[in-house]
There are 2 protein chains.
Amino acid sequence: MNKNIEAKAKIFKALGHPSRLVIVEALCEGELCVCDIVPLVGRDISTVSKHLSLLKEAGVLKHSKRGTNVYYSLQMECVPGFLSCLNNFLGKNLESQVKDYASNSIKRL
Amino acid sequence: MNKNIEAKAKIFKALGHPSRLVIVEALCEGELCVCDIVPLVGRDISTVSKHLSLLKEAGVLKHSKRGTNVYYSLQMECVPGFLSCLNNFLGKNLESQVKDYASNSIKRL
DNA sequence: TCATTGTTTTGCTATTTGGCAAAATACGAA
DNA sequence: TTCGTATTTTGCCAAATAGCAAAACAATGA
C-alpha cells in the first residue's frame with residue numbers, strides 16, 4: 001500500500017514544474033502534437049520531450065502517433081478540476097495579500 | 001500571470017514527495033503536532049521539520065503554537081478531494097493492470 | 001535563574017533534476 | 001533506397017533537493 005503513496009507522489013512531482021504545468025494546462029483544452037507544445041514551453045525540443053515522457057510515465061498524459069507526429073493528451077481527469085480549485089485558492093490568497101498590503105499602507109501613514 | 005503557474009508548480013512540488021504526502025494525508029484527518037508527525041514519517045525530526053515548512057511555504061499547511069508544541073493542519077481545501085480522485089484513478093489503473101496480468105497468464109498457459 | 005522538552009536552523013554530503021547539444025530512431029515522400 | 005521532418009535518447013554539467021547531526025531557539029516548570 002506504500003506503492004499507492006509512491007504513485008501519488010510521482011504524479012505530484014510530475015506536475016511540480018512550471019514547464020510541465022504549462023504543458024498540462026494547454027492539454028486541458030485538447031490534444032496537441034509535440035511540435036505545437038515546444039513553442040508554448042520555450043525550451044529545447046529535447047527538454048520538452050523529456051518533460052512529456054515524465055508526465056506520461058506518471059500517468060498524467062497519454063500519447064498517440066499519427067504519421068510522423070506524436071500527439072499528447074490528458075489521461076488523468078482529476079487534474080483540470082484541481083487546477084481550477086487551486087486558481088480559486090490562489091486568487092483568494094492574492095486578494096487577502098492585497099488587503100494586508102493595503103492595511104499595512106494605512107498603518108504606515 | 002506567470003506567478004500563477006509558479007505558485008501552482010510550487011504546490012505540486014511540495015506534495016510531490018512520499019514523506020510530505022504521508023504528512024498531508026494524515027492531516028486530512030485533522031491537526032497534529034510535530035511530535036506526532038515525526039513517527040508517522042519515520043525520518044529525523046529535523047528532516048520532518050523541513051518538510052513541514054516547505055508545505056507551509058507553498059500554502060498547503062498552516063500552523064499554530066500552543067505551549068511548546070507546534071500544530072500543523074491543512075490550509076488548502078482542494079487537496080483531500082484531489083487525493084481521493086487520484087486513489088480512484090490509481091485503483092482503476094491497478095485493476096486494469098491486474099486484468100492485463102491475468103490475461104497474460106492465460107496466454108502463457 | 002537553570003534545566004528540560006519540543007521545534008527550527010545551519011552545515012555538510014550524496015543524489016536527483018533540468019537544461020542543451022549531439023546522436024539515434026521513426027516515418028513518410030520522392 | 002535515400003532524404004527530410006518529427007521525436008526520443010544519450011552524455012554531460014550546473015543547480016536543486018533530501019538526509020542526518022549538531023547547534024540554536026522557544027516555552028515551560030523547578
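Only heavy atoms go into these numbers, but all of them, side chains included; no hydrogens, no water, no symmetry mates. Numbers restart at 1 for each chain; the letters A, B, ... are given by sequence-line order, proteins then strands.
- Annotation: proximity of residues 34-47 of chain B to DNA chain C (heavy atom, distance under 4.0 Å) is found for B:Val34, B:Cys35, B:Ile45, B:Ser46, numbered in ascending order.
- In terms of heavy atoms, A:Lys62 sits closest to A:Leu74 at NZ-O, 3.8 Å.
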Pair A:Glu57, A:Lys50 - check salt bridge (charged side-chain N to carboxylate O under 4.0 Å, His left out), show working. CA-CA 10 Å; A:Glu57 171 73 18; A:Lys50 249 194 267 185; over 6 Å; no
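- Expressed to the nearest 0.5 Å, how far CG of A:Asp36 lies from CG of A:Leu40 amounts to 8.0 Å.
- Atom CD in B:Glu6 sits about 13 Å away from atom P in C:dG18, given to the nearest Å.
- A single hydrophobic cluster is seen to contain both A:Leu90 and B:Leu55, as judged by linkage of ILVMFWY side chains at heavy-atom distances under 4.5 Å, directly or through other members.
- Residues from residues 49-76 of chain B that place a heavy atom under 4.0 Å from any atom of DNA chain C, listed by number: B:Ser49, B:Lys50, B:Thr68, B:Asn69, B:Val70, B:Tyr72.
- A donor-acceptor distance shorter than 3.5 angstrom exists from the side chain of B:Arg20 to the backbone of B:Ala14, with no hydrogens or angles considered.
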Please lay out, stage by stage, how B:Glu6 and B:Lys13 fare under the test salt bridge (charged side-chain N to carboxylate O under 4.0 Å, His left out). CA-CA 10 Å; B:Glu6 298 284 341; B:Lys13 203 169 181 179; over 6 Å; no
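- The distance between atom NE2 of A:His17 and atom C1' of D:dT17, rounded to the nearest whole Å, is 13 Å.
- A:Val34 and A:Tyr71 fall into different hydrophobic clusters, where Ile, Leu, Val, Met, Phe, Trp and Tyr residues are linked whenever their side-chain heavy atoms come under 4.5 Å apart, directly or through other members.
- Relative orientation of the A:Phe82 and B:Phe82 rings is parallel, given thresholds of 30° and 60° on the angle between their planes.
- Spacing between atom NZ of B:Lys13 and atom P of D:dA15 amounts to 15 Å, rounded to whole angstrom units.
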